[in-house]
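Before any comments, here is the structure.
Below, all heavy atoms of this structure are taken into account, side chains as well, without hydrogens, waters or symmetry copies.
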Amino acid sequence: MEYSILFIQMIFLIGFVGSFISGMVGIGGSIIKYPMLLYIPATLGLSAFTAHEVSGISAIQVLFATIGGVWAYRKSGYLNKTLIIYMGAAILIGSFIGGFGSKSLSEGGINLVYGALATIAAVMMFIPKRGIDDIPLDQVSFNKWLAAFFAFIVGIGAGIVGAAGAFVLVPIMLVVLKIPTRMTIATSLAITFISSIGSTTGKLMTGQVLFIPAVVMIIASLIASPLGAKSGQKVNTKILQGILAVLILGTAIKIWVEFF
């Protein structure tokens, strides 16, 4: 694969845009960066990535993007430690299984899993979420084992596509577990960080990571993710939910159009 200056600049820009939005809406950013890496370089006549390469780059990039986001939220009071422990442990196991097992899937299979995850998340984002932001942060409660179960299932699918699963976890936390929006955004970044450890390990062990594009994406992530997180703390929660819903829906449509 040729690494021209234009190619490196394109990878950095994709990483920066994706990581900024990632920090703002509480996802790892792969919902944006996966299709951008898959389609933009090829469309511009630059070196094209395979689905396996994109999933490997996405996995290691998400690991660093979420570190920046969590750091920005560390003193906000929005990080729910109990939720992080239960969902984090479950998604770590699931994402390692998915990341390690993805080597045996075809490119079409990886895109199929990604499209299915994005479609489920898109549907859930458009379900009304009335009253969740009226719950005081110190009175938030949820079913711990249900949270762990969903996290494990999401982890398997997320590990396959090199995502950390936050674009599915966020709708689950909002709709099923009834977690307030800002707590969901901050906590999902921490859970996504844990998830990305499993998926990154699986991808590295099976040789699916291209290191030069991954390093470029990491640098972009460490710069942009904290900026996005700080911006997200100032934006109305309904607007944040709307941005995430549109991103997920658009990605799902794009994946299915390309798949068929």
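- For the pair Phe152/Ile97, a side-chain contact is recorded, criterion being any heavy-atom separation below 4.5 Å from C-beta on.
- Between Ile223 and Phe12, some side-chain heavy-atom pair lies under the 4.5 Å cut-off.
- Criterion: ILVMFWY side-chain heavy atoms under 4.5 Å apart, direct or through other members. Under it, Ile8 and Met36 are part of a common hydrophobic cluster.
- Put simply, OG1 on Thr43 and CE on Met10 are 9.5 Å apart, with the number rounded to the nearest 0.5 Å.
- The shortest heavy-atom contact between Ile91 and Gly155 is CG1-CA, 3.5 Å.
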Given the rule in the side-chain contact (heavy atoms from CB on, under 4.5 Å) test, do Ser221 and Phe16 qualify, once you have shown the distances and angles that lead to the verdict? CA-CA 6 Å; Ser221 300; Phe16 190 93; over 6 Å; no
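- Minimum interatomic distance between Ala147 and Leu83 (heavy atoms only, all atoms of both residues): CB-CD1, 4.3 Å.
- Between Pro180 and Tyr78 the shortest side-chain heavy-atom distance does not fall below 4.5 Å.
- Among all heavy-atom pairs drawn from Ala148 and Ala90, the shortest one is O-CB, 3.1 Å.
- In the hydrophobic clustering of ILVMFWY residues, with side-chain heavy atoms under 4.5 Å counting as a link, Ile85 and Phe149 come out apart.
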Stepwise side-chain contact (heavy atoms from CB on, under 4.5 Å) test for Ile57 and Ile11: CA-CA 11 Å; Ile57 295 167; Ile11 300 304; 5.9 Å; no
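- Between the side chain of Thr184 and the main chain of Val170, no donor-acceptor pair closer than 3.5 Å is present.
- You'll find the side chain of Gln9 reaches within 4.5 Å of the side chain of Ile5, heavy atoms only.
- Using a distance-only test at 3.5 Å, with no hydrogens or angles considered, no donor-acceptor pair links the side chain of Thr181 to the main chain of Leu174.
- The heavy-atom pair separating Ala190 from Leu79 by the smallest distance is CB-CD2, 4.3 Å.
- Contact between Ile179 and Phe142 at its shortest, heavy atoms only, is CD1-CD2, 4.1 Å.
- Looking at Met173 and Ile185, their side chains never come closer than 4.5 Å, going by heavy atoms from C-beta outward.
- Scanning all heavy atoms of the two residues, the minimum distance from Leu222 to Pro226 falls at O-CD, 3.4 Å.
- Under a hydrophobic-cluster definition in which Ile, Leu, Val, Met, Phe, Trp and Tyr are linked whenever side-chain heavy atoms come within less than 4.5 Å, directly or via other members, Val176 and Val123 are assigned to different clusters.
- Both Val140 and Ile191 are assigned to one and the same hydrophobic cluster, defined by single-linkage of ILVMFWY side chains at heavy-atom distances under 4.5 Å.
- We find the CE-CG distance between Met217 and Leu37 to be 4.5 Å, quoted to the nearest 0.5 Å.
- In this pair, Phe49 and Phe7 present their aromatic rings tilted. The plane angle is within the 30 to 60° band.
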